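All figures in this text were calculated on a predicted structure; none of them were measured in a lab.
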Amino acid sequence: MSFPLLTATAALPAIGAVATAAVPAARRTAAKWLALAFSLGTLVLAGIALARFEPGGSRYQLTESHAWIQDFGVRYELGVDGIGLALMALTALLIPFVILAGWHDADPLETNSSRWRPTQGFFALILMVEAMVVLSFVATDVFLFYILFEAMLIPMYFLIGGFGDRAHSGSDENAAAQRSYAAVKFLLYNLVGGLIMLAAVIGLYVVTGTFSLSEIAAARADGSLTMATSTERWLFLGFFFAFAVKAPLWPLHTWLPNAMGEATTPVAVLITAVVDKVGTFAMLRFCLQLFPEASKWATPVVLVLALISIIYGALLAVGQRDIKRLIAYASISHFGFIILGIFAMTSQGQSGATLYMVNHGISTAALMLVAGFLITRRGSRLIADYGGVQKVAPVLAGTFLIGGLATLSLPGLAPFVSEFLVLVGAFAAYPVVGIIATTGIVLAALYVLVLYQRTMTGPVKAEVQGMADLKVRELVVVVPLIALLIFLGVYPKPLTEIVNPAVQHTMSDVQKKDPQPEVEAAK
């Protein structure tokens with residue numbers, strides 16, 4: 001029996017979560033190092049999975065299959081394609097940086113260390129989220145995926161509600177109330193989506209008699225599985241609704257700005273750069289693969305919703321006074337681009353959407369983490385409380401600028417490649433949609449450059465005068481992310497080689513081919 005690499009990659013952070021939580025209350029530093037060690041171990045295993053993956057091989061590789069709940073046909077089935085592998089690697093890459101960035105975020109201010117263990121709990125919860133997200137990217141049993149899809153909400157709820165942003169303006173009671181509101185809103189929105197998905201999962205089993213993606217695909221291929229048109233559409237809607245909440249897609253997005261605004265900066269990165277990617281990934285893996293005809297039927301409406309997300313999120317980002325909420329609304333706009341690429345049903349669009357998921361995770365992590373370092377120094381999230389930072393902390397300002405330029409998809413940085421592919425793919429199939437979507441590029445330049453101008457340039461405000469520049473730990477967090485943004489912006493081939501074969505499989509599932517350009521014959 002071969003080594004269960006995918007199980008090990010998900011199990012290691014789960015074991016790390018238990019070990020970190022068990023560290024004695026007074027040993028906070030030991031708990032941090034232990035959590036970091038387990039996250040780095042997970043990164044090593046993800047790297048081994050990357051090395052063993054063959055882009056031109058079978059669709060799902062490193063597969064595992066074991067009986068679980070036999071009476072209901074539920075199996076513990078894992079397998080990774082290029083899309084799932086890229087997102088698993090992204091998750092494993094970001095978690096060590098999240099842990100380093102939040103090194104002091106959960107240290108108790110005033111507490112009896114023998115009775116309260118916030119630091120251990122904080123890092124244990126982060127590792128538990130990592131374990132569930134990694135497993136969700138490789139689960140090929142629909143019921144197993146659903147369990148993980150819902151279970152990851154619990155540690156996220158406690159991370160948002162139990163460890164809030166210490167730069168919150170207002171009284172401690174008001175901060176606690178807003179933090180609790182954001183956590184409950186996050187949980188309720190996603191639980192409602194999950195309950196609707198549960199009904200669709202049960203319906204899928206009634207129709208197919210299995211939860212296995214491979215068995216369903218085989219039954220479709222040999223013609224033994226047929227779904228009534230109405231049944232397929234209802235099941236699609238049940239799955240898509242849950243994924244649209246998680247993504248999030250307008251108008252199901254309103255939980256995200258609250259959650260990111262009230263959470264600590266590392267948890268905000270965890271939300272938008274890691275957890276939310278499960279929603280867009282699932283659209284590719286489950287909606288398009290399980291319900292190809294219904295996906296094509298829903299495409300016009302989904303494209304309209306994606307366009308609204310792009311423009312609406314960008315417009316609200318332009319008007320924000322809070323740095324973290326601005327980044328949250330910018331992410332809503334970016335998720336609109338991702339969903340646009342998925343449902344354009346072209347190979348360029350879907351390759352671009354997958355690259356966008358990875359590149360958005362890196363760029364948003366870089367920008368949000370630097371913003372978090374800035375907010376920690378000043379103690380305020382309001383843009384108006386800053387000015388002239390580049391004169392007193394030039395390295396911080398420079399890394400903030402690069403993160404912002406990546407967010408607006410500047411050529412030469414990784415997000416440009418993905419956004420370009422999404423727009424090319426959308427324009428090839430739906431020219432009007434592609435043209436309207438470019439509005440998001442203009443608005444992105446506006447909110448990013450205005451944010452930088454108001455915080456980093458101009459006269460140095462008195463409260464900013466003594467601001468320290470980035471420290472060694474903070475540079476260790478930011479510099480690798482920026483280096484990766486530049487590398488993938490100049491040379492995206494290593495990522496596209498992994499992703500493109502999986503995209504071709506998805507295109508085959510929905511029986512779509514790329515539109516051929518119309519070339520007028522020479523006279």
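A donor-acceptor pair shorter than 3.5 Å can be found between the side chains of Ser214 and Ser212. No side-chain donor from either of Glu130 and Ser39 sits under 3.5 Å from a side-chain acceptor of the other. Between the side chains of Tyr447 and Thr407, no donor-acceptor pair of N or O atoms lies under 3.5 Å.
Using modelled atom types, no side-chain atom of Ser333 and backbone atom of Gly313 make a donor-acceptor pair closer than 3.5 Å. Within the 3.5 Å criterion, the main-chain N or O of Ala414 finds a donor-acceptor partner in the side chain of Asn359. Under a 3.5 Å cut-off, the side chain of Thr9 and the backbone N or O of Leu5 do form a donor-acceptor pair. With hydrogens and angles disregarded, a donor-acceptor distance shorter than 3.5 Å links the side chain of Glu232 to the backbone of Ala294. A donor-acceptor contact shorter than 3.5 Å is absent between the side chain of Lys277 and the backbone of Thr91. The closest donor-acceptor contact from the side chain of Gln348 to the backbone of Val422 lies at 3.5 Å or more, if one exists at all. Although no hydrogens or angles enter the test, the distance criterion places no donor-acceptor pair under 3.5 Å between the side chain of Thr272 and the main chain of Val269. Here the side chain of Ser309 pairs a donor or acceptor atom with the backbone of Trp250 at under 3.5 angstrom. Of the possible polar contacts, one joining the Thr346 side chain to the Gly425 backbone as a donor-acceptor pair under 3.5 Å is found.
Of the inter-residue distances, the one linking Leu484 atom CG with Leu93 atom CG reads 6.0 Å to the nearest 0.5 angstrom. Taking CG from Leu307 and OG1 from Thr439, the interatomic distance works out to 8.5 Å, rounded to the nearest 0.5 Å. To the nearest 0.5 Å, atoms CG (Leu125) and CD1 (Ile154) are separated by 11.0 Å. For the atom pair CG of Leu303 and CD1 of Ile339, the computed distance is 10.5 Å after rounding to the nearest 0.5 Å. In this structure, the separation between OH on Tyr76 and OG1 on Thr140 is 10.0 Å, given to the nearest 0.5 Å. Atoms CD1 and CG, on Ile327 and Leu367 in that order, are 4.0 Å from each other to the nearest 0.5 Å.
Nearest heavy-atom pair, Gly404 versus Val448, reported as atom, atom and distance to 0.1 Å: O-CG1, 3.3 Å. In terms of heavy atoms, Ile160 sits closest to Ala259 at CD1-CB, 4.0 Å. Residues Ala131 and Ala10 come closest through the heavy atom pair CB-O, 3.2 Å. Listed here is the closest heavy atom pair of Phe416 and Leu410: CB-O, 3.4 Å. Minimum heavy-atom separation, Phe149 to Ala242: CZ-O, 3.7 Å. Here the closest non-hydrogen pair linking Asp276 and Pro248 is OD2-CD, 3.8 Å.
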**Item:** Stepwise side-chain contact (heavy atoms from CB on, under 4.5 Å) test for Ser295 and Met345
**Value:** CA-CA 9 Å; Ser295 296; Met345 302 286 186; 3.9 Å; yes

**Request:** Decide side-chain contact (heavy atoms from CB on, under 4.5 Å) for Phe243 and Thr280; before the verdict, give the C-alpha distance in whole Å, the side-chain angles of both, and the deciding distance to 0.1 Å.
**Result:** CA-CA 7 Å; Phe243 303 152; Thr280 47; over 6 Å; no

**Message:** Test side-chain contact (heavy atoms from CB on, under 4.5 Å) on Arg285 and Leu213; report intermediate values, then the result.
**Reply:** CA-CA 9 Å; Arg285 168 158 293 185; Leu213 277 177; 3.9 Å; yes

**Message:** Using side-chain contact (heavy atoms from CB on, under 4.5 Å), reason through Lys296 and Leu288 one step at a time and then give a plain yes or no.
**Reply:** CA-CA 8 Å; Lys296 290 186 282 190; Leu288 270 61; over 6 Å; no

**Request:** Step by step, work out the side-chain hydrogen bond (donor to acceptor under 3.5 Å, both in side chains) result for Glu293 and Thr229.
**Result:** CA-CA 8 Å; Glu293 293 303 320; Thr229 300; over 6 Å; no

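The aromatic rings of His334 and Tyr356 lie tilted to each other, with the angle between the two planes from 30° to 60°. Relative orientation of the Phe211 and Phe143 rings is tilted, given thresholds of 30° and 60° on the angle between their planes. Ring geometry, Phe343 versus Phe236: the interplanar angle exceeds 60°, so the pair is classed perpendicular (tilted spans 30 to 60°). Ring pair Phe281/Phe145 is tilted by interplanar angle, where 30° to 60° counts as tilted.
Side-chain contact between Leu488 and Ile362 is present, with at least one heavy-atom pair separated by less than 4.5 Å. You'll find the side chain of Leu423 reaches within 4.5 Å of the side chain of Ile441, heavy atoms only. Put simply, the side chain of Ser65 does not reach to within 4.5 Å of the side chain of Leu78, judged on heavy atoms. Gln350 places a side-chain heavy atom less than 4.5 Å from the side chain of Thr506. Side-chain contact check for Thr42 versus Ile95: every heavy-atom pair is 4.5 Å or farther apart. Here the side chains of Leu270 and Met260 are not in contact, with every heavy-atom distance at 4.5 Å or above. Residues Val44 and Leu40 form no side-chain contact, since every pair of their non-hydrogen atoms from C-beta on lies 4.5 Å or further apart. Residues Val245 and Ile196 have side chains not in contact (no heavy-atom distance under 4.5 Å, counting atoms from C-beta outward).
Between Phe335 and His253, the ring center distance fails the sub-6.0 Å criterion.
Atom CZ of Phe420 has 12 or fewer heavy atoms from other residues, nucleotides or ligands within 6.0 Å. Counting non-hydrogen atoms of neighbouring residues, nucleotides and ligands closer than 6.0 angstrom, the OH atom of Tyr60 exceeds 12 such neighbours. More than 12 heavy atoms of other shown residues, nucleotides or ligands fall within 6.0 angstrom of atom CH2 in Trp68.
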